[in-house]
Amino acid sequence: MKNYVRVIASFDTEGTIIPLKMEWEDCWLEVDRVTDVRPAASLKSGGAGLRYTCMVEGKPTYLFLEETKWFFELAI
């Protein structure tokens, strides 16, 4: 099952998208840092898109941008 979330992201002049915050269970969580961005499939939830390997509130997380929607899974 995909955990779709709202995301606040930064877009630069070259079109690069960097997630800054994600909302989960009525709480906004900070994306501490992004360590990798690559096209990838989600092995747990299905689907594919750009996979952002992030630290969110100190926890390793995969945040996927699948066309126009964001979903996440813990990277553990």
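Sorted by first and then second residue, the pairs that involve residues 6-36 and meet ring pair (Phe, Tyr, Trp, His ring centres under 6.0 Å), not counting sequence neighbours, are Trp24-Phe72. Pairs engaging residues 6-21 under the salt bridge (charged side-chain N to carboxylate O under 4.0 Å, His left out) rule: Arg6-Glu23, Lys21-Glu30 [sequence neighbours left out].
A single hydrophobic cluster is not seen to contain both Met55 and Leu63; linkage of ILVMFWY side chains at heavy-atom distances under 4.5 Å, directly or through other members, places them apart. Under the 4.5 Å side-chain heavy-atom criterion for Ile, Leu, Val, Met, Phe, Trp and Tyr, Tyr62 and Val5 are members of distinct hydrophobic clusters. In the hydrophobic cluster analysis, where Ile, Leu, Val, Met, Phe, Trp and Tyr join through side-chain heavy atoms closer than 4.5 angstrom, Trp70 is grouped together with Val31. Phe64 and Ile17 are not part of a single hydrophobic cluster, where members link through side-chain heavy atoms under 4.5 Å apart.
Shown here for Ser45 and Lys2, the closest heavy-atom pair between the two residues is CB-CG, 3.7 Å. Considering all non-hydrogen atoms of both residues, Pro19 and Cys54 come closest at CG-SG, 4.4 Å.
Qualifying salt bridge (charged side-chain N to carboxylate O under 4.0 Å, His left out) partners for Asp26, counting only residues two or more places apart in sequence or in other chains: none. Checked against salt bridge (charged side-chain N to carboxylate O under 4.0 Å, His left out), Arg38 has the following partners two or more places apart in sequence or in another chain: Asp36. With sequence neighbours left out, Val37 forms a side-chain contact (heavy atoms from CB on, under 4.5 Å) with Val34, Leu50, Tyr52. Partners of Glu73 according to the salt bridge (charged side-chain N to carboxylate O under 4.0 Å, His left out) rule, which considers only residues two or more places apart in sequence or in another chain, do not exist here.
Between the OH atom of Tyr4 and the CZ atom of Phe71 there is a distance of 6.5 Å, given to the nearest 0.5 Å. Taking CG from Leu20 and CG from Asp32, the interatomic distance works out to 11.5 Å, rounded to the nearest 0.5 Å. Note that the CE atom of Met22 and the OG1 atom of Thr61 stand 6.5 Å from one another [nearest 0.5 Å].
Judged by distance alone, with hydrogens and angles left aside, the side-chain atoms of Ser10 form no donor-acceptor pair with the main-chain N or O of Ile18 at under 3.5 Å.
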